[in-house]
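See structure below.
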Amino acid sequence: MKLEREWADDASEFCAKSIGKALERNRVPENTVSAKRIVVAIDGPAAAGKSTLARRLAQRLGFTYINTGAMYRAVALWALRRQTDLSDLHRLEQLAKEARIEFGAEDDQILLNGEDVSAAIRSEEVSTAASKVSSIPAVRRALVAAQRRIAELSSVVMEGRDIGTVVFPDAQVKIYLDADPRERARRRTLELAGRGIAADLDGVATDIRQRDERDRTRAASPLRQAPDADLIDTTGLRLDEVEEKVLQLVRSRTANGKEVAR
Ligand code: DC
């Protein structure tokens, strides 16, 4: 139970460090054009511990933490609010291109067109819509372009489903995080309880199974482990053990977690 609690805040699944602050910290001086940013890509199914791990790694490394799932959720929320038909691919593409998505100054804060939607994107309705919206290739193209732009400015720990396979196939470090489905459901249930939402374990397990199935079987950028990604199964592992393991990988592939010249 203690272990599950450690990982449980994963399902808040989103952190937003102040990108402004992080960019400031990671900014490469203009004259060092050869300086190279580091990308740590973390992919895996829902509630595997991606957000908890990615957030802590970003803190330790001083990188910007980007939760790409939150970006798909923000577009889905906008579509729902505008009562957009989720089969209207053209309109959804437009929304994804026009959405102004920013990460706020507080942890777990995301702004959509200037409005703080951090809590709103966590509803069940948005989760389901995000899963549908994220299967549309044109929506993915728009958000992948935005994700690449963010990493041009700063070293990042970026988590999602396709970071190591599509967004940054040449990321210096790629982790595929997984855990036993039952443990993932338990972590998610605990996390929901922590937010005052009573959820039944079987219902959560079913929801996670369905979302994973959709993410794995869609045609556009399905969830899969990149051939060169390190697989870490977090079942029964402590968060700090996993964190150290990944930090070692980062250090071994970069100049001790620092930007390296090309
Ligand atoms: O990680 P999450 O549950 O907040 O993601 C929301 C949805 O977006 C989920 O159905 C998976 C999808 N997603 C995706 O397709 N690609 C990403 N890089 C991140 C999330």
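Position 1 is the first residue of the sequence; numbering continues from there. Excluded from the calculations below are hydrogen atoms, water molecules and symmetry mates; all remaining heavy atoms, backbone and side chain alike, are included. As the structure lists them, so they are numbered: ligands from 1, and atoms in each ligand from 1. All values derive from a computational prediction rather than experimental measurement.
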Between R100 and E102 (salt bridge meaning N to carboxylate O under 4.0 Å), is one present in this structure?
yes
Y72 to ligand 1: N or O pair under 3.5 Å?
no
Which one of R73, Q147, K50 has a non-hydrogen atom at the shortest distance from atom 4 (O) of ligand 1?
R73
Judged by non-hydrogen atoms, does M71 sit under 4.0 Å from ligand 1?
no
Applying the side chain to side chain contact (heavy atoms under 4.5 Å, CB included) criterion to W78, which one of L95, V133, I101 satisfies it?
L95
Side chain of R218, backbone of A220: donor and acceptor closer than 3.5 Å?
yes
Should the proximity of V167 to ligand 1, defined as any heavy atom under 4.0 Å, be assigned to the side chain, the backbone, both, or neither?
neither
Could you tell me if the side chain of R211 sits less than 4.5 Å from the side chain of E213, heavy atoms only?
no
Taking atom CD as the centre, does E125 end up with more than 12 heavy-atom neighbours from other residues, nucleotides or ligands that are less than 6.0 angstrom away?
no
Close approach of R214 to ligand 1, heavy atoms, under 4.0 angstrom:
no
Enumerated ligand 1 atoms positioned under 4.0 Å from heavy atoms of R211
3 (O), 9 (C), 10 (O)
Find all atoms of ligand 1 within a distance of less than 4.0 Å from any non-hydrogen atom belonging to S131, and give their numbers and elements.
10 (O)
Under a 4.0 Å threshold between the charged nitrogen and the carboxylate oxygen, would R161 count as salt-bridged to D43?
no
The one among S134, G69, P222, S127 that brings a heavy atom closest to atom 5 (O) of ligand 1:
G69
